Amino acid sequence: MSEQLRSIRGIHDGLPAEVRRWRYIEEVAQGVFARYGFCEVRLPVLEPTALFVRSVGSNTDIVSKEMYRFEDQGGDDICLRPEGTAGSVRAYLQAGLTRSGAQRWFYIGPMFRRERPQKGRLRQFQQIGAEWFGVSGPAEDVEILAMAHAFLDELGIADLTLEINSLGCPACRPAYRDKLLAFLKQRSDDLCGTCHTRMDTNPLRVLDCKTASCQAQLNDAPEMIAHLCADCQSHFDTLISGLQALDIPHRINPRIVRGLDYYNRTAFEIITGKLGAQGTVLAGGRYDGLVEEQGGPPTPAIGFAAGLERLAMLLPEIADTQADVAVIALGDAVSAYALKIADQLRRGGCRVIHCGGGSAKRQFKLADRERARFVAVIGEDEMHAASLRLKDMQSGEQVDVSVQTAIAQCRSMTAS
RNA sequence: GUGGAUGUAGCUCAAUGGUAGAGCCCCGGCUUGUGAUGCCGGUGGUUGUGGGUUCGAGUCCCAUCAUCCACCCCA
């Protein structure tokens with residue numbers, strides 16, 4: 001046990017109880033996204049390192065210190081993808097889809113970041129993401145937020161808040177950034193150490209520092225939302241009125257800052273208070289410059305990603321599907337006949353477990369533990385009569401019936 | 001990467017520095033073709049790992065690893 005091989009730190013197994021939740025979430029996602037016209041894509045887990053350095057930004061934590069990065073046997077610099085958007089853009093360009101109209105994609109798959117594990121934070125985790133290429137209007141922003149909202153709503157997760165902000169664009173952000181930096185410099189003596197480094201790397205990040213002393217200094221800090229250019233302002237206004245028209249609850253949070261370099265204009269997060277410090281369950285925004293930055297034509301785009309494991313933590317346990325019939329074989333003489341009965345029941349659409357022989361008591365205990373609805377008792381008498389004895393485990397009643405009757409009985413009892 | 005808490009049976013947990021236990025689970029039995037409750041029995045541990053102190057360490061000390069929580073960051 002002490003020398004037992006373990007999974008890598010922060011990389012967990014998906015065992016049946018967990019996978020039941022994942023599948024439920026995936027099925028809801030596929031259903032909702034299809035209603036918005038989104039198609040599933042399956043993209044590589046391994047990508048060239050340069051893709052993320054260029055797209056996500058070399059100064060971000062994700063790229064600078066969290067990537068699983070290595071040189072393969074051929075000398076190529078590759079890595080396990082830390083997020084899904086960069087690869088989606090790459091695939092979109094590589095497939096030559098820039099003149100094929102708007103593309104609506106979604107994906108489900110594992111991402112990798114080498115961080116210190118914590119509640120809701122794993123080194124291998126799964127994201128359900130959506131990317132929409134070739135659309136620039138606030139209407140699409142509203143639509144994709146509506147889709148995210150419908151997804152979480154249909155999952156039945158309560159107490160979520162949608163927070164939304166505008167990060168401006170290359171026309172208005174630089175001026176704002178300078179203004180913020182000037183403001184911060186005036187108070188730099190009162191800001192914490194990490195905020196000082198943030199002033200160099202990403203000044204906007206200072207705004208959502210959790211240190212109380214910092215927040216005290218930031219009450220009247222300038223906010224991007226008050227310094228938008230005319231285009232960004234009207235985009236944002238139209239987006240908000242769209243959300244209101246659809247009755248999607250939301251809160252404007254001028255302090256939202258997305259960590260990845262490629263975002264512009266619309267940025268949003270959907271947050272729960274039930275996951276401790278890792279409360280962001282879904283997040284995304286607009287990335288109008290990214291396609292062009294990867295060498296494609298100017299192409300606006302918007303997307304989001306949700307953390308599958310985080311969503312799963314907010315869901316109740318999903319009961320295992322129970323067997324319809326447990327086959328109990330009494331005596332070695334009937335074992336072949338019992339196997340055949342089990343096979344026929346399965347061909348008839350029943351979920352069947354075979355109790356493996358042995359004493360009747362043992363097999364009944366097993367059937368009970370598996371919560372089988374019915375037991376098919378098969379002994380020599382039944383074999384000679386070409387029948388089986390079907391016992392209803394709830395009522396205790398049992399009758400001798402043919403396989404066909406047993407199938408009909410099981411399906412009628414378990415269909416409802 | 002930084003801090004804090006915790007590591008004893010498959011699981012949940014006991015054990016004033018003096019022979020490692022309980023409950024649950026699992027396996028078997030209670031006259032051999034009938035389950036849930038009951039009764040009896042059984043399997044299962046180098047006490048995370050490696051050092052140290054001591055006549056003696058699950059217990060004290062150091063290191064290390066893992067898990068959890070927080071910082072950082074983010075889904």
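None of these values were measured; they are calculated from a predicted model. Convention: sequence-line order gives letters A, B, ...; per-chain numbering from 1.
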Using whole Å, report how far CZ of A:Phe52 lies from P of B:C73. 21 Å

Does A:Gly396 reach a base, just sugar-phosphate, or nothing at all? Heavy atoms under 4.0 Å. base

Send over the distance from A:Arg123 CZ to B:G1 P, rounded to a whole Å. 8 Å

Say you pick atom C1' in B:C72 and the same atom in B:G1; how far apart are they, in whole Å? 8 Å

Options B:A75, B:G33, B:G35, nucleotide nearest the side-chain atoms of A:Ala305: B:A75

In whole Å, what separates the C1' atom of B:G35 from that of B:C30? 15 Å

Can a donor-acceptor pair be found, under 3.5 Å and without considering hydrogens, that links the side chain of A:Tyr68 to the backbone of A:Arg123? no

Identify whether any heavy atom of A:Arg371 sits under 4.0 Å from a base atom; if not, whether one sits that close to sugar-phosphate; answer base, sugar-phosphate or nothing. nothing

Residue among A:Arg369, A:Arg21, A:Arg20, A:Arg371 satisfying salt bridge (Lys or Arg N to Asp or Glu O under 4.0 Å) with A:Asp320: A:Arg20

Within the structure shown, what part of the strands sits under 4.0 Å from A:Gly10 by heavy-atom distance: base, sugar-phosphate, or nothing? sugar-phosphate

Checking all strands, does A:Arg369 fall into the base, sugar-phosphate, or nothing category for heavy-atom contacts under 4.0 angstrom? sugar-phosphate

Quick one: A:Glu380 CD to B:G33 P, roughly how many Å, whole number? 11 Å

Any idea which of B:U67, B:A70, B:G33 is nearest the A:Gln118 side chain? B:A70

Quick check for you: among B:U34, B:G29, B:A75, whose closest atom lies nearest to any side-chain atom of A:Gln398? B:U34

Regarding B:U34, can its base be found pairing with the side chain of A:Lys361 as donor and acceptor, where the two atoms are less than 3.5 Å apart? no

Would you mind classifying the nucleic acid contact of A:Val377 as base, sugar-phosphate or nothing, using non-hydrogen atoms under 4.0 angstrom? base

What integer distance in Å separates A:Asp61:CG from B:C73:P? 6 Å

Can you tell me how far C1' in B:G41 sits from the matching atom in B:A5, rounded to whole Å? 41 Å

Span that lies between the P atom of B:C60 and that of B:A14, in whole angstrom: 14 Å

Would a distance-only check, ignoring hydrogens and angles, find a side-chain to backbone donor-acceptor pair under 3.5 Å from A:Arg104 to A:Glu131? no

Please tell me if A:Arg9 has a side-chain N or O lying less than 4.0 Å from either OP1 or OP2 of B:U67. yes

Once you apply a heavy-atom cut-off of 4.0 Å, does A:Gly129 come out as touching a base, just sugar-phosphate, or nothing? nothing

Starting at CD of A:Gln278 and ending at C1' of B:C69, how long is that distance when rounded to a whole Å? 10 Å

Per A:Arg6 side chain, nearest of listed nucleotides B:U67, B:G33, B:U34: B:U67

Measure from CG on A:Leu207 to P on B:C73 and round the result to the nearest Å. 13 Å

Residue A:Arg205, side-chain heavy atoms: nucleotide from B:G35, B:G3, B:C73 that is nearest: B:C73

Classify A:Leu122 by what it touches in the nucleic acid, base, sugar-phosphate, or nothing, heavy-atom distance under 4.0 Å. base

Taking atom P in both B:G58 and B:G52, what distance in whole Å separates the two? 15 Å

OP1 or OP2 of B:C73 less than 4.0 angstrom from a side-chain nitrogen or oxygen of A:Arg114, does that happen here? no

Of the nucleotides B:G33, B:A66, B:A70, which one has an atom closest to the side chain of A:Ala277? B:A70

By the 4.0 Å heavy-atom rule, please label A:Glu382 as base, sugar-phosphate, or nothing. base

Measure up the A:Trp105 and A:Phe133 rings against each other and bin them: parallel (under 30°), tilted (30 to 60°), perpendicular (over 60°). perpendicular

Selection from B:A75, B:C68, B:C73 that lies nearest to any side-chain heavy atom of A:Pro117: B:C68

Mind checking A:Lys65 for me? I need base, sugar-phosphate or nothing, with any heavy atom below 4.0 Å counting as a touch. nothing

Rounded to whole angstrom, note down the C1' distance from B:A57 over to B:U19. 14 Å

At 4.0 Å (heavy atoms only), tell me whether A:Ala283 reaches a base, stays on the sugar-phosphate, or touches nothing. sugar-phosphate

With side chain to side chain donor-acceptor pair (under 3.5 Å) as the test, would you mind laying out the steps for A:Asp77 and A:Thr49 before giving the verdict? CA-CA 6 Å; A:Asp77 185 3; A:Thr49 302; 2.8 Å; yes

Going by purine N1 to pyrimidine N3 plus the second Watson-Crick contact, or the G-U wobble pair, all under 3.5 Å, which nucleotide sits opposite B:U8? none

Rounded interatomic separation in angstrom, taking CG from A:Leu390 and P from B:G35: 17 Å

B:C26 P sits how many Å from A:Arg362 CZ, rounded? 13 Å

For A:Thr194 and for A:Tyr263, find the nucleotide of RNA chain B with the closest heavy atom, then tell me which residue's nucleotide is more 5'. A:Thr194

Among A:Arg81, A:Arg69, A:Arg90, which one satisfies salt bridge (Lys or Arg N to Asp or Glu O under 4.0 Å) with A:Glu47? A:Arg90

Given the side-chain rings of A:Phe38 and A:Phe106, with only the six-membered ring counted for Trp, is the space between their centroids under 6.0 Å? no

Could one point to a donor on the side chain of A:Arg121 or the base of B:C72 with an acceptor on the other under 3.5 Å away? yes

Rounding to the closest angstrom, what is the interatomic distance between B:G17 and B:G3 at atom C1'? 31 Å

Taking atom NE2 of A:His227 and atom CG of A:Asp178, what is their separation to the nearest 0.5 Å? 11.5 Å

Between B:U53 and B:A63, how far apart are the C1' atoms? Round to whole Å, please. 15 Å

On RNA chain B, nearest-nucleotide positions of A:Gly307 versus A:Lys119: which is more 5'? A:Lys119

Applying the 3.5 Å cut-off to both distances, the Watson-Crick or G-U partner of B:C55 turns out to be B:G18

Using a 4.0 Å heavy-atom cut-off across all strands, classify A:Leu282 as base, sugar-phosphate, or nothing. sugar-phosphate

By nearest atom, which of the nucleotides B:G35, B:C73, B:G29 is closest to the A:Ser359 side chain? B:G29

Under a 3.5 Å cut-off for both distances, is B:G3 Watson-Crick or wobble paired, and to whom? B:C69

Can A:Asp324 and A:Arg351 be counted as an ion pair, charged N to O under 4.0 angstrom? yes

